[in-house]
Amino acid sequence: MAIKNIFQDAIIPEEFQINDLILQDTYLIDGELRKWHGENTVVRSAIYVNDDYSEKRILAPETIGTVPDMQAENALEALDAAVTAYDKGRGEWPLMKVEERIERIEKFALMMSKKREEVVKLLMWEIGKSYEDSCNEFDRTIEYIDDTVQDLKKMDREHSNLKLHSGVYAQIRRGPLGVVLCMGPYNYPLNETFCLLIPALICGNTTVFKPAKYGILLLSPLLEAFKECFPKGVVNLIYGRGRTLVTPIMKTGKVDVLALIGNSKTANAIQGLHPKQNRLRLVLGLEAKNAAIVLPDCDLNLAVKECVNGALAFNGQRCTALKILFVHKDIIEEFNKKFIALVSELKYGLPWKKGVNLTPLPEPNKPTYIKELIDDATSKGAKIINENGGETIESFVFPAVLYPTDTSMRVFHEEQFGPIVPITSFTDINEPLDYISESNYGQQASLFSNNSDTLAPLIDMLVNQVCRVNINSKCQRGPDVFPFVGRKDSAVSTLSVHDAIRSFSIRTLVAFKDGKLNKGVLNDLLDNPNSNFVSTHYIL
Ligand code: G3H
C-alpha cells in the first residue's frame with residue numbers, strides 16, 4: 001500500500017496556524033533595527049498546504065514570509081559596525097567586566113524564553129521539525145546559555161588569583177579575539193547557531209551573524225532582545241545569500257574568527273577569501289559519515305532500535321546521524337528484518353502530529369538527491385528492502401533502507417543528510433575499520449556488542465580515528481557539556497559548553513617581575529577596582 005499523502009486534507013491545529021505573512025522588513029546593524037527598502041526573498045515552508053486552509057485541495061509550498069535580500073554594501077556596513085564596536089579591544093564590550101557581560105547574556109536568555117511559542121512554531125514551519133523536537137531545540141538552547149554562564153563564572157574564579165613562578169607574578173585570564181563571523185546550519189538553526197554566537201559574545205567578541213539557509217524567520221522574535229541587551233555593534237544580523245554577503249566581508253581581512261557549522265567545501269571556500277589566513281581562527285562543525293558496527297554478540301533489539309533512531313531522527317538530517325550501518329554477516333538477516341519492521345512503525349506526518357518521527361524536508365532539491373542516490377545504488381545491485389522505501393510526495397520522502405550496499409555506490413561515501421539508510425554486511429572486522437580510517441570524515445562511531453573482550457580493542461582503535469565512540473547507542477552531540485569535535489573534514493576546534501568558551505578566546509596575561517616596586521604597583525592595582533583584568537575579585 002502506498003504511503004498516505006500527509007499534506008492532503010491536513011488539519012492545522014489553531015495554535016500552529018500562521019495567519020499573517022511574517023514580513024521581516026528590518027535588520028539589525030549598529031544597535032539599530034533599520035528599515036529595509038530593497039528587494040526581499042520569499043521564505044517558503046517545508047510544508048505543503050491547501051492554499052487557504054479551506055476546502056480547496058491545492059498543494060503548494062506555503063509562503064510564510066519574506067526577509068531582506070541584503071547586498072554586499074549592507075554586509076560591509078554590518079562588518080564595520082562590529083569592527084567599530086570591538087575597536088581593537090578598546091570597545092565597551094571587550095573591556096566590560098565579565099560580570100556585566102554575563103548580566104547582559106542572562107537578560108537576553110530571559111527575554112528569549114518569553115518567545116518560546118513563536119520560535120517553536122516557526123521551527124516547525126520553516127524546517128519541518130516536529131513540535132516535540134522543536135521544543136527540545138529551544139529548551140536545550142536556553143540550558144546551553146545557562147551552562148555557559150556557569151562555566152564562565154567558574155573559569156573567571158579560577159583566574160582570579162596570581163601565579164608566582166621563577167620570580168614572576170602573573171595574572172592569567174582569557175581575552176576576546178575580535179570580530180566573529182557566525183553562521184549556523186539549517187537542521188538546528190537556533191541551537192547550533194547560538195552554540196557559536198553565545199560563547200563568542202560572552203567572551204567579549206563582537207559579531208556579524210548570518211542566519212542559516214532555512215530557519216530564518218524564527219530569529220525575528222528575538223531581534224528586539226538582541227537590540228536591547230547588547231551595546232551597539234556587538235550583534236549585527238544580516239539576511240541574504242551567503243555568497244553575496246560573506247565574500248566581501250571575508251575579503252576585507254577584518255574577520256578574526258570564522259565560526260561555521262556547515263560543510264567543509266563551504267568552509268574552505270570562505271576561509272580562502274581571507275587575505276591573511278594565519279590570523280583567522282576557525283571554529284568549524286562540518287559534515288560526517290558516522291558508521292555503526294553491529295557485532296554478532298550484541299543485544300539485537302537494542303542495536304536495531306538505536307540504529308533506526310540514529311539514522312532517521314529528524315529524517316536523518318543530523319550531522320551526527322548514523323549514515324552507514326555495518327552489520328556482521330551472521331546476524332544480517334535478523335537485523336534487516338527487525339530494522340525494516342521498526343522503520344515501518346515510525347509515525348510520519350506534519351510536525352504537529354503527536355509522536356511524529358518523519359516529517360517534510362526543508363531543502364527543495366533533497367527529494368531529487370535522495371532519488372539519485374537510490375537509483376545509483378539500485379543500478380549497482382542494492383535493493384530497497386522496506387515497504388514504501390523512497391516513496392515521495394512533494395517534500396516528504398519515506399525512508400529508503402538499502403541492502404546490500406558497497407563501495408561502488410555513492411551512498412556508501414556521500415553524506416546523505418536525509419532519509420536513506422545504507423546497510424552493508426561484513427565478516428572481517430577490518431572492513432568497517434578500514435572504511436572509517438579511509439573516510440574523509442572522523443566525527444563519531446557506534447559499536448554494538450555485549451562483550452567487553454570484543455569491544456576493548458575496537459574502542460582503542462576507533463578513538464584514534466574518530467572523536468566519540470558510542471557503546472550500544474546511536475551517535476549524538478549531547479549532553480552539550482561533553483566535547484563535540486571531529487577529525488579530518490568533520491571539524492576544527494571543539495564545541496561544548498566548556499570548550500566553546502576556550503575556542504572563542506585566547507590566553508593572555510599580565511606579568512610582574514618580583515621586586516619592591518612591582519609589589520607596590522600590584523598591591524595598588526588589587527586594592528582598587530580600576531583594572532578589570534588585574535583583579536582578585538570573585539564572581540559568585
Ligand atoms: O547536526 C548535528 C548536531 O550537532 C547533532 O546534534 O546529536 O544532538 O542531534 P544531536
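Position 1 is the first residue of the sequence, and the numbers go up from there. Whatever order the structure lists them in is the order used to number ligands and atoms, beginning at 1.
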Any Q317 heavy atom less than 4.0 Å from ligand 1: no
Would you say the side chain of Y239 lies within less than 4.5 Å of the side chain of M70, judging by non-hydrogen atoms? yes
R477 heavy atoms, cut-off 4.0 Å: which ligand 1 atoms fall inside? 4 (O), 6 (O), 7 (O), 8 (O), 10 (P)
I need the nearest protein heavy-atom contact for atom 4 (O) of ligand 1: residue, atom name and distance, please. E192 OE2, 2.4 Å
List the closest protein heavy-atom neighbour of atom 5 (C) of ligand 1: residue, atom name, distance to the nearest 0.1 Å. T320 OG1, 3.1 Å
Minimum side-chain heavy-atom gap D139-R116 below 4.5 Å: yes
Against the six-membered ring of F396, is K4 placed for a cation-pi contact (under 6.0 Å from the centre, within 45° of the normal)? no
Charged N to carboxylate O below 4.0 Å: is that the case for K337 and E334? yes
As an exercise, identify every atom of ligand 1 less than 4.0 angstrom from a heavy atom of F484. 4 (O)
Can you tell me how far the CZ atom of F314 sits from the CG atom of N309, to the nearest 0.5 Å? 14.0 Å
Quick one: look up the protein heavy atom nearest atom 2 (C) of ligand 1 and list residue, atom name and how far away it is. C319 SG, 2.2 Å
State whether E287 and K265 are salt-bridged, where the test is any N-O pair (Lys NZ or Arg NE/NH1/NH2 against Asp/Glu carboxylate O) under 4.0 Å. no
For Q476, counting its heavy atoms only, list the atoms of ligand 1 lying under 4.0 Å from any of them. 7 (O)
R318 heavy atoms, cut-off 4.0 Å: which ligand 1 atoms fall inside? 1 (O), 7 (O), 9 (O), 10 (P)
Between F412 and Y435, does the ring centre distance come in under 6.0 Å? yes
May I ask you to list the atoms of ligand 1 that are less than 4.0 angstrom from any heavy atom of Y188? 1 (O), 3 (C), 5 (C), 6 (O), 8 (O), 9 (O), 10 (P)
Measure the distance from atom 8 (O) of ligand 1 to every protein heavy atom, then report the residue, atom name and distance (to 0.1 Å) of the closest one. R140 NH1, 2.8 Å
Check: Y348 and F398 side chains under 4.5 Å, non-hydrogen atoms: yes
With backbone taken as N, CA, C and O and side chain as the heavy atoms from C-beta onward, which portion of N187 lies under 4.0 Å from ligand 1: side chain, backbone, both, or neither? side chain
